[in-house]
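The block underneath contains the structure these notes are about, expressed in structure tokens.
This structure is a prediction, so every number in the text was calculated from the model and none was measured. The figures that follow rest on heavy atoms only: side chains count, while hydrogens, waters and symmetry mates do not.
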Amino acid sequence: MATDHHAEHVGSLLRPAWLLEARAARKAGTLGAEQLAELADRAVLEAIALQQQAGIEVFTDGEMRRENWMAGLLESTGGVVPYERPSVAWHRGGEIVSGPETDFDTVAASEKVTRRDARTSVEAAFLARHAPGTFKITMMSASMGGLMWQPEISAGVYPQPADLVRDLVALQIAEIEQLIDEGVRWIQLDSLGYNQVFDPGFRAQTGQSALSPDAILDATVTADAQLVGAVKRKDPDVIVGMHICRGNNRSAWMAQGSYEQVAERLFGEVGADRFLLEYDSERAGGFEPLRFVRPGTTVVLGLVSSKVPELESQDDLRRRIDQAARHVPLADLALSPQCGFASTSRGNQLTVDEQRGKLELVASTAAKVWS
């Protein structure tokens, strides 16, 4: 069935400076949790208004309550301790970016993992009250839970990363089922484990060189399919999107490679209703892997860059949509930025007005293509 939603954005939006200052004050102990929550509410209301003004019809809360896009898993899971992972190389403008600008907090499982708080339920309840239309809840897929496994910390409880991922998948399924019970009709899973399959350099940086690409692909597809399958068993009418990009942190990227190596299994087995795919640069390769997309599945083409302020040519966007339509029917395509605007709280190197322009471009282009 063709989609009714041809203009979308991935999830995160630039945090206001005053919200970042409030979050820092909270960490320093000079601002209470209740005051921070009130400021986050204000930021979400502004994010909703921005999306509505830009013509976006599927709303998020801009991830304003999160430190970064992984917060749902890293910040809401119990049984973990802070852990400083070795930094990966981030690339921007032909240079490698590292250090405080791109670092963010990570954790490692030290005990049997639990769900510590219901953060996504808080997000969903607020959106249900204030979003003027359809909204979605974005979540880091538990298929990436191996990032929380460190042998010196985790092996006593979880001998292998797969043991940890199994428990995290179960926790996420319970979380999603709760969200559906609370009225959520659209879930988006952000799943970046596929980068370790199609980029050997990135695989080496993350310490996974000993694993074969096929083994990583099998584990990632299996976990993602379990999550999507659980949603559909709970309520087959709930929309499930899956987002895949090459990393997004202060306008920098961490991986590159075509979808070709993962496409047949990803598109054929995971079962998502919508795949939101980075396609704003040559790093993602061509549209040929889309030939494996199952009929009736929506492909959201991430052709607009959230990393740079310059607006893309609408003619170029329409030309690329036509190219993708050689592999997927035009009615089953949609348009979005390639990723969020603030996957980490510092955000990408754009202004709020430039961000608005990008969203307006997505909406106006979609209106012309699919009117």
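Results of the side-chain contact (heavy atoms from CB on, under 4.5 Å) test with Gln338 over Asp280, Leu276, Leu303, Leu277 single out Asp280 as the only residue that passes. Partner of Val231 under the side-chain contact (heavy atoms from CB on, under 4.5 Å) criterion, chosen from Ile173, Leu189, Val184, Ile176: Ile176.
Residue Glu95 places its CD atom among 12 or fewer non-hydrogen atoms of other residues, nucleotides or ligands, all under 6.0 Å distant. The neighbour count for Glu182 CD, taken as heavy atoms of other residues, nucleotides or ligands under 6.0 Å away, is above 12. Applying the 6.0 Å contact sphere to CG of Asp322 captures more than 12 heavy atoms from other residues, nucleotides or ligands.
Without hydrogens or angle criteria, Glu111 side chain to Gly78 main chain gives no donor-acceptor distance under 3.5 Å. Although no hydrogens or angles enter the test, the distance criterion places no donor-acceptor pair under 3.5 Å between the side chain of Glu123 and the main chain of Arg65. A donor-acceptor contact shorter than 3.5 Å links the side chain of Asp117 to the backbone of Arg119. Listed for the Asp273 side chain is a donor-acceptor partner under 3.5 Å among the backbone atoms of Val240.
A salt bridge is defined here as a Lys NZ or Arg NE, NH1 or NH2 lying under 4.0 Å from an Asp or Glu carboxylate O, and Lys27 with Glu67 meets this definition. A salt bridge links Asp163 to Arg166: at least one charged side-chain nitrogen sits closer than 4.0 Å to a carboxylate oxygen. Residues Glu312 and Lys358 are paired through a salt bridge, judged by an N-O separation under 4.0 Å between the basic side chain and the carboxylate.
Nearest heavy atom pair, residue Ser141 against residue Leu73, reads O-CD2, 4.2 Å. The two atoms that bring Tyr279 and Gly286 nearest to each other are OH-O, 2.9 Å, heavy atoms only. Asn248 and Gly340 get closest at one heavy-atom pair: ND2-O, 2.8 Å. Counting all heavy atoms, side chain and backbone alike, Pro337 lies closest to Val10 at O-CG2, 3.6 Å. Between Ala47 and Asp61, the shortest heavy-atom distance links the atoms CB-O, 4.1 Å. Looking at every heavy atom in both residues, Val328 comes nearest to Asp332 through CG1-CB, 3.8 Å.
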Given His6 and Thr298, is the side-chain contact (heavy atoms from CB on, under 4.5 Å) satisfied, shown in steps?
CA-CA 9 Å; His6 294 284; Thr298 300; over 6 Å; no
Determine, stepwise, if the pair Arg265 / Asp218 fulfils side-chain contact (heavy atoms from CB on, under 4.5 Å).
CA-CA 8 Å; Arg265 295 202 61 191; Asp218 184 68; 3.1 Å; yes
Is there a side-chain contact (heavy atoms from CB on, under 4.5 Å) between Ile96 and His91? Walk through the geometry before answering.
CA-CA 5 Å; Ile96 293 179; His91 305 266; 4.0 Å; yes
Could you go step by step and tell me if Leu192 and Met254 meet the side-chain contact (heavy atoms from CB on, under 4.5 Å) rule?
CA-CA 11 Å; Leu192 273 62; Met254 65 181 183; 3.8 Å; yes
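Note: the hydrophobic cluster containing Val300 does not contain Ile187 (ILVMFWY, side chain heavy atoms under 4.5 Å, direct or indirect links). Hydrophobic clustering (side-chain heavy atoms under 4.5 Å, transitive across Ile, Leu, Val, Met, Phe, Trp, Tyr) groups Phe275 together with Met139. Linking Ile, Leu, Val, Met, Phe, Trp and Tyr residues whenever their side-chain heavy atoms come within less than 4.5 Å places Leu211 and Val165 in a single cluster. Note on Leu301 and Leu317: same hydrophobic cluster, where clusters join Ile, Leu, Val, Met, Phe, Trp and Tyr whose side-chain heavy atoms are under 4.5 Å apart, directly or indirectly. Met144 and Met242 sit in two unconnected hydrophobic clusters of ILVMFWY residues. Membership requires side-chain heavy atoms under 4.5 Å apart, directly or through other members.
For the atom pair OG1 of Thr351 and CG of Leu14, the computed distance is 8.0 Å after rounding to the nearest 0.5 Å. To the nearest 0.5 Å, atoms NZ (Lys232) and CD1 (Ile239) are separated by 7.5 Å. The structure places CD1 of Ile48 at 14.0 Å from CD1 of Ile56, a figure rounded to the nearest 0.5 Å. Glu63 contributes atom CD, which lies 7.0 Å from atom CG of Asp190 (distance to the nearest 0.5 angstrom). Annotation: the span from Leu74 atom CG to Met148 atom CE amounts to 6.0 Å, rounded to 0.5 Å. Of the inter-residue distances, the one linking Thr106 atom OG1 with Gln150 atom CD reads 7.5 Å to the nearest 0.5 angstrom.
Gln256 meets the side-chain contact (heavy atoms from CB on, under 4.5 Å) test with Asp199, Trp253, Arg283; sequence neighbours excluded. A search for salt bridge (Lys or Arg N to Asp or Glu O under 4.0 Å) contacts involving Arg42 returns Glu46, not counting sequence neighbours. For Asp316, the salt bridge (Lys or Arg N to Asp or Glu O under 4.0 Å) criterion is met by Arg319, not counting sequence neighbours. With sequence neighbours excluded, no residue satisfies salt bridge (Lys or Arg N to Asp or Glu O under 4.0 Å) with Arg15. Every residue two or more places apart in sequence or in another chain that forms a side-chain contact (heavy atoms from CB on, under 4.5 Å) with Glu260 is listed here: Ser258, Pro289, Arg291, Phe292. The salt bridge (Lys or Arg N to Asp or Glu O under 4.0 Å) check on Glu57 picks up nothing, with sequence neighbours excluded.
Listed by first and then second residue, the ring-ring contact (aromatic ring centres under 6.0 Å, His included) pairs that reach into residues 102-128 are Phe126-His130, sequence neighbours excluded. Applying the ring-ring contact (aromatic ring centres under 6.0 Å, His included) test to every pair with at least one member in residues 181-211, sequence neighbours left out, gives these pairs: His5-Trp186. Within the structure, the ring-ring contact (aromatic ring centres under 6.0 Å, His included) test picks out no pair touching residues 43-72 (sequence neighbours left out).
No donor-acceptor contact under 3.5 angstrom links the side chains of Asn249 and Thr102, judged on distance only. Using modelled atom types, one finds a donor on one side chain and an acceptor on the other under 3.5 Å when comparing Thr3 with Arg274.
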Kindly list each side-chain donor-acceptor pair under 3.5 angstrom involving residues 362-371, sequence neighbours excluded, with atom names and distances?
residue, atom, partner, partner atom, Å
Ser364, OG, Gln314, NE2, 3.2
Ser364, OG, Glu360, O, 3.0
Ser364, OG, Leu361, O, 3.3
Thr365, OG1, Gln314, NE2, 2.9
Thr365, OG1, Leu361, O, 2.7
Lys368, NZ, Gln314, OE1, 2.7
Trp370, NE1, Leu330, O, 2.8
Ser371, OG, Ala367, O, 3.3

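Through chains of ILVMFWY side-chain contacts below 4.5 Å, Tyr83 is grouped with Val81, Ile153. Through direct or indirect side-chain contacts shorter than 4.5 Å among Ile, Leu, Val, Met, Phe, Trp and Tyr, Val308 is connected to no other residue.
Annotation: cation-pi geometry satisfied between Arg246 and Tyr259 (NZ/CZ under 6.0 angstrom from ring centroid, within 45° of ring axis).
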